[in-house]
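Letters A, B, ... are given to chains in the order of the sequence lines, protein chains preceding strands, and every chain is numbered from 1. Here the structure is a predicted model, which is why all the values come from computation and not from measurement. Side chains are part of it too, since the values below use all heavy atoms of this structure and drop only hydrogens, waters and symmetry mates.
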Amino acid sequence: MTAELRLRAEVARAARAIGAPDGFAPALDRPRDPSHGDWATNAAMALAKPLGKKPQDIAKALLAAMDPAAAGVAESSIAGPGFINFRLDSGHLASGLMAVLEQGAEFGRNSTGSGKPVNVEFVSANPTGPLHVGHGRQAALGDAIASLLAYGGWNVTREFYYNDGGGQIERLRDSVYAHIAGIPLAADQYHGEYVKDVATACVADLAAARGLTAAAVTALVRANWASDSALRDAVRMFAVAALRAEQDADLRAFGVKFDVYYLESSLYTEQRVAETIEALKAAGHAFMEDGALWLRTTDFGDDKDRVMVRSAEKGGEPTYFVPDVAYHVTKWKRGFTRAIDVQGSDHHSTVTRVRAGLQALEMGIPKGYPEYVLHQMVTVMRSGEEVKISKRAGSYVTVRDLIDEVGRDAVRYFFIMRKGESQLVFDVDLARSQSEDNPVYYIQMAHARLSGIFRVGNIDPATITGAGVAWDTLSQPEERELVKALLDWPSLVAGATEALEPHRVANWLLETARTVHLWYHKHHVLDEPPEIMTARLALAKASRIVLANALGVLGISAPERM
RNA sequence: GCGCCCAUAGCUCAAUUGGAUAGAGCAUUUGCCUUCGGAGCAAAGGGUUGGGGGUUCAAGUCCCUCUGGGCGCACCA
């Protein structure tokens, strides 16, 4: 049992002894100011109403009823409006490190998810160009959320949804055609350098497939484009395949792996769009107006109704939101009782719509399904100026540009360090700097320094088991703070998982790295008396383990040396 | 005009999800220090948490309102 649980149990027992109602669960928190103590409880304030007494009096009675020894409490005090502060005995506190040393890479994991399936959909870029910074933020955020959930015992599926249908794919196809035919691009077509590369590769591919020269293919495309739909399809499919391969390469460079790639086009070929339309009609929430088929999404909280199938003069095709609904139906039917979509906040209007569509089907899908994690835009800064232009993509900066320039670890950290709903400034100069101003460098440095202790001392970390350590020797303020930070990891990561907020892990890492550096600067490990050295080696190893675990969740490496 | 999000030190951001005197880093000022181990360490100044109102033992956090910013409001995706 951890010191925290022991203390909580003892407070609860004492509370009952002085008349707290059944089921009363006192809250234990870290005081903001460590000088107040290691833990604080608001029990006295929470009991003020049910017991009809002043918080101060309840606090006194509560303390009198407690057995400090049973809870490992060295001293306690009543403060402010009725907080009770506890300072744990150093030995009790530090002995919590045994759990870290015993569990190693497992320390911090929990089983909240109990193996239940969850689908995390992210990136989901249209295959019309390289991944840009926004996708990068989404990749880092989505991957970290997925890792957090896996860490919390969920059975996670990472999914990428390809919008390989619709108007933008035709624009891509026609952009490639324009390059092949040598005609100027229209304003709404794709202007990046990469389109030219795709066009060149496409000509070579067609030439090989048809046994023609490149010049002959060019002439053929130019002559038959309007009349030959098979040719147009061939160009479209080549372009989509080429850009999917391109995006895959970007994601590999970023170290993100997906379990499922779901193609929007398959929703049409497998009749799922048609089935969804029929089901919505059957459920009675559809109506005809102006020649189009509408869904009454206003019945489910939308501010206006939405067209499902366009009128004949507009082409008679389903609008994009129908496949979106059909897609989420497949998630539900595939057994994902929980689904999380990570998207840019510019897509926030789809949230209500998709949920409305799912509700309108009346098939027992919960109202809040799917959950959404939205994130704001990214601004890339270099030398104090906003960067907007990439050589490859033209009008935007690509993920690859960033990874090439500052490395995968820094890109991941910078994308995760801010709350999703706040705007993010990506400072390229800071991200690439090899100094302690750079948070990634600072955190990794902490891990490397801890590793260095073992290297320099020529000590195999595997021999440090915590057995026989005199834990009460870890009584320096910096040591106590470090121990507390490490032991907070499980509850911190659990909170970050519940809130789907990986930035908490990033912030915690930075704080904890600072605590490590402070300790490291103030206290030596090697060449100390054996009892102190043994205890500090245990602390160093535990710190190394927890830092590595946290970095691992964010997909960032924990280097042995830098 | 409507909807969603945001607003915290000069700058970039935290704040244990409603807890105590709102904290870090950078920048500024001052003083130490010279490596198991790579310029660090210690301290100071800097705030009406955008304005106003409300809810309660307690509000940066919840509610209302105003201001300012981002995004979205297609028979585009």
Practice prompt. Between B/G25, B/U12, B/A77, spot the one nearest the side chain of A/R418, thanks.
Written response: B/U12
Discussion item. Whether A/R30 engages the ring of A/W39 as a cation-pi pair (distance to the six-membered ring centre under 6.0 angstrom, angle to the ring normal within 45°) should be assessed.
Written reply: yes
Worksheet item: Which nucleotide sits closest to the side chain of A/K49: B/C76, B/G70, B/C57?
Response: B/C57
Worksheet entry | Minimum-distance nucleotide (side-chain atoms of A/V456 versus B/A20, B/C36, B/C76) | B/C36
Worksheet, complete the sentence: Separation of B/C75 atom P from A/M288 atom CE, nearest Å, is 15 Å
Worksheet item: Between atom CE in A/M377 and atom P in B/G70, what is the gap in whole Å?
Response: 13 Å
Worksheet item: Between A/W508 (CH2) and B/C13 (C1'), how many Å, whole number?
Response: 19 Å
Discussion item. If you go through the side-chain atoms of A/H347, does one of them form a donor-acceptor pair with the base of B/G72 closer than 3.5 Å?
Written reply: no
Practice prompt. Answer with base, sugar-phosphate or nothing: what part of the nucleic acid does A/D427 contact at a heavy-atom distance below 4.0 Å?
Written response: nothing
Worksheet entry | Stem list, RNA chain B (Watson-Crick or G-U pairing under 3.5 Å, at least 3 consecutive pairs) | B:1-7 with B:67-73, B:10-13 with B:23-26, B:28-32 with B:40-44, B:50-54 with B:62-66
Worksheet item: Between A/W508 and A/W489, how do the two ring planes meet: parallel, tilted or perpendicular, split at 30° and 60°?
Response: tilted
Worksheet item: For A/F300, is the NZ or CZ atom of A/R355 found under 6.0 angstrom from the centre of its six-membered ring and inside 45 degrees of the ring axis?
Response: no
Discussion item. Counting the atoms with a prime plus P, OP1 and OP2 as sugar-phosphate, which does A/A27 contact under 4.0 Å by heavy atoms, base, sugar-phosphate, or nothing?
Written reply: nothing
Discussion item. Quiz question: going by heavy-atom distance under 3.5 Å, is there a donor-acceptor pair between the base of B/A20 and the side chain of A/N85?
Written reply: yes
Discussion item. Testing the 3.5 Å rule here: is there a donor-acceptor pair between the side chains of A/S451 and A/R561?
Written reply: no
Worksheet item: With distance as the sole criterion, do the side chain of A/S311 and the base of B/C75 form a donor-acceptor contact below 3.5 Å?
Response: yes
Worksheet item: Heavy atoms under 4.0 Å, any strand shown: does A/Q434 hit a base, just sugar-phosphate, or nothing?
Response: nothing
Worksheet, complete the sentence: Result for side chain to side chain donor-acceptor pair (under 3.5 Å) between A/H375 and one of A/R418, A/Q423, A/Q138, A/Q343 points to A/Q138
Discussion item. Would you say that more than 12 heavy atoms from the other residues, nucleotides or ligands in this model lie under 6.0 Å from the CG of A/D460, or not?
Written reply: yes
Discussion item. Between B/A24 and B/A20, how many Å separate the two P atoms, rounded to a whole number?
Written reply: 14 Å
Discussion item. If I take atom NZ in residue A/K419 and atom C1' in nucleotide B/A7, what distance separates them, rounded to the nearest angstrom?
Written reply: 11 Å
Item to complete: Taking only the side-chain heavy atoms of A/Q376 (C-beta and beyond), determine which of B/C5, B/C75, B/G37 contains the nearest atom.
Response: B/C5
Worksheet item: Taking the same atom, P, in B/A15 and in B/G23, what whole-Å distance lies between them?
Response: 14 Å
Discussion item. From C-beta outward on A/N126, which listed nucleotide comes closest to its side chain: B/C36, B/G40, B/A77?
Written reply: B/A77
Worksheet entry | Validation row: A/V516, A/L450 side chains within 4.5 angstrom (heavy atoms) | yes
Item to complete: Take atom P in B/U12 and the same atom in B/A27, then report the distance between them in whole Å.
Response: 15 Å
Item to complete: Please work out if A/Y442 contacts a base, only the sugar-phosphate, or nothing of the nucleic acid, heavy-atom cut-off 4.0 Å.
Response: nothing
Worksheet entry | Interatomic distance at P, B/U49 relative to B/A22, whole Å | 10 Å
Discussion item. Heavy atoms only, 4.0 Å cut-off, all strands: where does A/L518 land among base, sugar-phosphate and nothing?
Written reply: sugar-phosphate
Item to complete: Assign A/N42 to base, sugar-phosphate, or nothing according to its heavy-atom contacts below 4.0 angstrom with the strands shown.
Response: base
Worksheet item: Is there side-chain contact between A/W519 and A/L539, with at least one heavy-atom pair below 4.5 Å?
Response: yes
Worksheet item: With a 4.0 Å cut-off on heavy atoms, is A/M562 in touch with a base, just the backbone sugar-phosphate, or nothing at all?
Response: base
Item to complete: Just call it for A/V309: base, sugar-phosphate, or nothing, with non-hydrogen atoms closer than 4.0 Å on any strand.
Response: nothing
Practice prompt. Check the geometry between A/Y520 and B/G37 and answer yes if their rings are stacked (centres below 5.5 Å, planes below 30°), otherwise no.
Written response: yes
Item to complete: Please work out if A/P31 contacts a base, only the sugar-phosphate, or nothing of the nucleic acid, heavy-atom cut-off 4.0 Å.
Response: base
Worksheet item: To the side chain of A/Q168, which of B/G19, B/C13, B/A77 is closest?
Response: B/A77
Worksheet item: To the nearest Å, how far apart are A/L492 CG and B/A15 P?
Response: 10 Å
Discussion item. For a quick check of understanding: with a heavy-atom distance under 4.0 Å over all strands, which category does A/R514 fall into, base, sugar-phosphate or nothing?
Written reply: sugar-phosphate
Worksheet item: Base, sugar-phosphate alone, or nothing: which one does A/F414 contact when heavy atoms must sit under 4.0 Å apart?
Response: nothing
Practice prompt. Grab the CG-P distance between A/D527 and B/G37 for me, whole Å please.
Written response: 10 Å
Worksheet item: Okay, side chain of A/D38, backbone of A/L88: is any donor-acceptor separation there less than 3.5 Å?
Response: yes
Discussion item. Let's see if you can work this out: which of B/G37, B/G72, B/C73 has an atom nearest to the side-chain heavy atoms of A/K304?
Written reply: B/C73
Discussion item. Please compare A/Y320 and A/W39 by the position of their nearest nucleotide in RNA chain B and report the one closer to 5'.
Written reply: A/W39
Worksheet item: Taking the same atom, P, in B/C32 and in B/G51, what whole-Å distance lies between them?
Response: 41 Å
Worksheet item: In whole Å, what separates the P atom of B/U48 from that of B/C11?
Response: 13 Å
Worksheet item: What is the nucleic acid contact for A/D29, judged by heavy atoms within less than 4.0 Å: base, sugar-phosphate only, or nothing?
Response: sugar-phosphate
Worksheet item: Among B/C5, B/C4, B/A20, which is the nearest nucleotide to the side chain of A/H36?
Response: B/A20
Practice prompt. Using the ring pair (Phe, Tyr, Trp, His ring centres under 6.0 Å) rule, pick out the option among A/Y161, A/Y268, A/F321, A/Y162 that qualifies with A/Y327.
Written response: A/Y161
Worksheet item: So which of A/K484, A/H523, A/R536 actually passes side chain to side chain donor-acceptor pair (under 3.5 Å) with A/E479?
Response: A/R536
Worksheet entry | Pairwise C1' distance, B/A42 and B/G10 [rounded to whole Å] | 24 Å
Item to complete: Would you classify A/A292 as touching base, sugar-phosphate or nothing, given that sugar-phosphate means primed atoms plus P, OP1 and OP2, and contacts are heavy atoms under 4.0 Å?
Response: base
Practice prompt. Pick the C1' atom in B/A14 and in B/G60, then give their distance to the nearest Å.
Written response: 11 Å
Worksheet item: Are the side chains of A/F160 and A/R244 in touch, meaning some heavy atoms are under 4.5 Å apart?
Response: no
Worksheet item: In whole angstroms, how far is the C1' atom of B/C36 from the CZ atom of A/R561?
Response: 14 Å
Item to complete: Would you classify A/G167 as touching base, sugar-phosphate or nothing, given that sugar-phosphate means primed atoms plus P, OP1 and OP2, and contacts are heavy atoms under 4.0 Å?
Response: sugar-phosphate
Worksheet item: Given B/G72, B/A20, B/G40, which nucleotide is nearest the side-chain atoms of A/E436?
Response: B/G40
Practice prompt. Return the nearest nucleotide to the side chain of A/R310; candidates are B/A15, B/C75, B/G72.
Written response: B/C75
Discussion item. Assuming nearest nucleotide by heavy-atom distance, tell me which of A/H348 and A/M417 is located more 5' along RNA chain B.
Written reply: A/H348
Worksheet item: Atom CD of A/E264 and atom P of B/C76: how far apart are they, to the nearest Å?
Response: 14 Å
